[in-house]
Amino acid sequence: MDNKILNDKLFEAFASSSDNVYVYVTDLQNGLSRWSKNSVEYFNFPDEYMTNVLPFLQENIHPEDQEGYFSDLAEVLSGKRDRHSYQYRLKNRYGEYVWIECKGSVIRENGVPVIFAGLMTRLDNQNKYDSVTGLPTIFDFYNYDFKGKNGFLLLIGIDQFRKVVSNYGYHVGDRVLVEFAKKIRKLCEPDARLYRMSGDEFLVITENISSETLQEFFECIKDSAGEIELEDSRKIHLSVTAGASAFPADGTEKEELLSNAEHSLEYSKSTRRGELLIFSKTIADSQMRLQKLREELKQSIRDNFKGFTLYFQPIVDGERNRIIGCEALLRWKGETIKDSYPGEFIKILEDDGNIIPVGRWVMEQAVKQQSIWNREYPGIIVSFNVSYQQFVADRFIENLMDAVTKYGVDPSSMIVELTESCKVEKSEELAEIFRKLKDEGYKVALDDFGTAYASLEMLRNLPASIIKIEHSFVRELADPGHDVDYVIIDSLLAMCRKLKCNAIVEGVESAKVADMIKDLDTTMLQGYYYSKPVPREEFEKMLESQK
């Protein structure tokens, strides 16, 4: 080799400075790269010198990390950024994936990249112990040897831990985690191993126990950790949910076992909160559907929102028994998954952050539809849902105003609903957005009022113009034993009148319930008694019938 860069003595000095740091340098003119000897030994690189390293990396970087790694690398080499920095998993000589932090820089001559050099640092020897609880972390977990052993990975999650932090602050949240860890650690002695995972999750490795014993162990955790007492004698009540995977039955690789435990915990939280579920075919099938659903949703968005459509549910003036507006509700049908319901696919959109572009599409379609209907049915009101993520996203108000201007819509004919799924973290910021919308003439509603996060506290902090009383108070109002619901609705409507706030009562499913609600002096009603959400054509037939 006569390449001075690749044979530089300084490279050799850096390359031998640490067992856990690996040095590389690439001559971008000819594709020749050099890798420190310790990387060749530990990661099984074919040679210290390579003419094309990309096929090796594609084969050995974890499949879930490849897209992000090569995307980051491409931005650096194309000149969009000067520095490469990415964490990913790379397979070592033993066939195990280990976490790597790769950093590099490009040297350019006359704007052309000529040299790319940097360091890869193994993370499995860093952060072995959690700074809050003192427990071993995932990096220590990766050193655990599963060969020839049998048992379970038990992944425990604290339910609604975010509310603890919201109510008491981060300091108290940390103290709760510390005390929670102490309680579990005692239960784990002397054989089980306990790790602190991310956020509110803890991992336990148990060996040589049955599923029945594992269930008993989880019940002990629930009982012991159900009440946390702080130094100032305050007591905080917790509930926990868990998922587990068995080794070697559910896998022999660490990543596979951990992934299956995570799937089990996620499935348990969504279907049987407060319980332990062990990985099974049902959970595997559910996760396969979830992954397929996630992929199809992303493809639908890329294909100009193909498969997405709006259904419309009438909002009725009870006094005149006439439709005065509707709520636009999102529906979706994929290429292969054709039975996904809103509660399923909207949660995925929110988790992936795709609710923002989809929400923008819903907003524009709702505004566009109002402009079309207003020419034929003057004064029709259209309501659409907006998640908290959308409200605080960049340019939300500007995008709404652009759509209203584009289609020539009167802002007063639009209702913007804050959905019940929101988790408000910045109420002052959201309140300011509400005020701006009202100043521009829009109606702003709190959806599903009386449950979840749509509470009296939100009404106090957010200047809403409409509240929508949640259907669970209304649906069975005419049945015996629901006197309390009647009192609640009556009180909420009276409160709205005093606050000069309009109300829409949801969940009206019978003539008897409709009559009872009308007697409480409200006019705007919504529910299956009038109509389920229907396609645009069917809603237009309803409007035609009352001309």
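Computed from a predicted model, the values in this text were never measured in an experiment. All values below were derived from every heavy atom in this structure, side-chain atoms included, with hydrogens, water molecules and symmetry-related copies excluded.
For the pair Glu41 and Arg93, the salt-bridge criterion is not met [side-chain N within less than 4.0 Å of a carboxylate O]. Between Asp339 and Arg289 there is a salt bridge, since at least one side-chain N of the basic residue sits less than 4.0 Å from a carboxylate O of the acidic one. Arg196 has no carboxylate O lying under 4.0 Å from a charged side-chain N of Glu201, or vice versa, which leaves the two without a salt bridge. A salt bridge does not link Lys298 with Glu295: every distance from a Lys NZ or Arg NE/NH1/NH2 to an Asp or Glu carboxylate oxygen is 4.0 Å or more. A salt bridge is absent between Lys91 and Glu59; no separation between the charged side-chain nitrogens and carboxylate oxygens falls under 4.0 Å. Between Glu229 and Arg234 there is no salt bridge, since none of the side-chain N atoms of the basic residue sits less than 4.0 Å from a carboxylate O of the acidic one.
Looking at Lys333 and Phe308, their side chains never come closer than 4.5 Å, going by heavy atoms from C-beta outward. Side-chain atoms of Gln215 and Ser211, non-hydrogen and from C-beta on, never get closer than 4.5 Å to each other. Under the 4.5 Å side-chain criterion, counting only non-hydrogen atoms from C-beta, Trp35 is in contact with Ser33. A heavy-atom distance below 4.5 Å is found between the side chains of Glu350 and Ile346. Between Arg185 and Leu135, the closest side-chain pair of non-hydrogen atoms falls below 4.5 Å. Side-chain contact between Leu418 and Asp447 is absent, with no heavy-atom pair separated by less than 4.5 Å. Side-chain atoms of Val40 and Asp47, non-hydrogen and from C-beta on, never get closer than 4.5 Å to each other.
Looking only at distances, no side-chain donor or acceptor of Glu417 sits under 3.5 Å from a matching main-chain atom of Val386. Side-chain N or O atoms of Lys222 include one that pairs as donor or acceptor with a backbone N or O of Gly274 at under 3.5 Å. Judged purely by atom type and a 3.5 angstrom limit, Thr213 has no side-chain atom pairing as donor or acceptor with the backbone of Ile209. Between the side chain of Ser78 and the backbone N or O of Glu75 there is at least one donor-acceptor pair closer than 3.5 Å. Side chain of Asp72 to backbone of Gly68: no donor-acceptor contact under 3.5 angstrom is found. Checked by atom type and distance alone, the side chain of Asn38 pairs as donor or acceptor with a backbone atom of Val21 at under 3.5 Å. Panel note: side chain Ser286, backbone Thr282; no donor-acceptor pair is recorded below 3.5 Å. The backbone N or O of Arg89 sits less than 3.5 Å from a side-chain atom of Asp65, completing a donor-acceptor pair. A distance-only check finds no donor-acceptor pair linking the side chain of Thr309 to the backbone of Arg331 [under 3.5 Å].
Heavy-atom neighbours of Lys149 NZ from other residues, nucleotides or ligands within 6.0 Å: above the threshold of 12. Annotation for Glu335: atom CD does not count as buried by contact number, only 12 or fewer foreign heavy atoms lying within 6.0 Å. When the shell of 6.0 Å around NZ of Lys147 is examined, it contains 12 or fewer heavy atoms from other residues, nucleotides or ligands. Heavy-atom contacts from other residues, nucleotides or ligands closer than 6.0 Å to NZ of Lys183 number more than 12. Environment of NE2 in His171: sparse, with no more than 12 heavy atoms of neighbouring residues, nucleotides or ligands closer than 6.0 Å.
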Stepwise side chain to side chain donor-acceptor pair (under 3.5 Å) test for Glu256 and Ser259: CA-CA 5 Å; Glu256 182 182 15; Ser259 177; over 6 Å; no
Side chain to side chain donor-acceptor pair (under 3.5 Å) assessment of Tyr142 paired with Glu255: CA-CA 9 Å; Tyr142 283 124; Glu255 288 293 340; 2.6 Å; yes
Glu207/Arg193 under salt bridge (charged side-chain N to carboxylate O under 4.0 Å, His left out): CA gap, chis, key distance, verdict: CA-CA 9 Å; Glu207 294 183 21; Arg193 300 171 64 95; over 6 Å; no
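Aromatic ring orientation, Phe45 versus Phe43: perpendicular (interplanar angle above 60°, classes split at 30° and 60°). Ring planes of Tyr24 and Phe116: tilted class, angle from 30 to 60°. Aromatic ring orientation, Trp361 versus Phe305: parallel (interplanar angle below 30°, classes split at 30° and 60°).
Residues Glu67 and Ser71 bring no donor and acceptor atom of their side chains to less than 3.5 Å of each other. Looking at Tyr88 and Glu101, their side chains never bring a donor and an acceptor atom within 3.5 Å of each other. Under 3.5 Å, the side chains of Asn260 and Ser245 contain no donor-acceptor pair of N or O atoms. For Ser340 and Trp332, the side-chain atoms include no donor-acceptor pair closer than 3.5 Å. Defined by atom type and a distance below 3.5 Å, a donor-acceptor pair is missing between the side-chain atoms of Gln291 and Gln287. The closest side-chain donor-acceptor pair between Gln299 and Asp303 falls under 3.5 angstrom.
Nearest heavy-atom pair, Ala244 versus Ser264, reported as atom, atom and distance to 0.1 Å: O-OG, 3.3 Å. Nearest approach of Phe152 to Ala246, heavy atoms of both residues: CE2-CB, 3.6 Å. Residues Val176 and Leu238 approach most closely at CG1-CD1, 3.7 Å, considering heavy atoms. Across Leu214 and Thr206, no two heavy atoms sit closer than the pair CD1-OG1, 4.1 Å. When all heavy atoms are compared, the tightest approach of Leu277 to Ser268 is CD1-CA, 3.6 Å. Residues Leu194 and Ala181 come closest through the heavy atom pair CD2-O, 3.9 Å.
The distance from atom CG of Asn92 to atom OG of Ser39, rounded to the nearest 0.5 Å, is 12.5 Å. Residue Leu349 holds its CG atom at 9.5 Å from CZ of Arg294, rounded to the nearest 0.5 Å. The line from CZ of Phe473 to CG of Asp485 is 7.0 Å long, rounded to the nearest 0.5 Å. Considering CZ of Phe345 and CG of Asn354, their distance stands at 12.5 Å, rounded to 0.5 Å. In this structure, the separation between CD1 on Ile184 and NZ on Lys182 is 13.5 Å, given to the nearest 0.5 Å. Within the model, atoms CG of Leu258 and CZ of Phe247 stand 12.5 Å from one another, a figure rounded to the nearest 0.5 Å.
With sequence neighbours left out, Phe180 forms a ring-ring contact (aromatic ring centres under 6.0 Å, His included) with Phe202. Listed by chain and residue number, nothing satisfies the side-chain hydrogen bond (donor to acceptor under 3.5 Å, both in side chains) test with Glu262 (two or more places apart in sequence, or in another chain).
For the side-chain contact (heavy atoms from CB on, under 4.5 Å) with Ile156, the qualifying choice from Asp200, Val240, Thr241 is Val240, the only one to do so.
Aromatic pair Tyr69/His84: ring centres closer than 6.0 Å.
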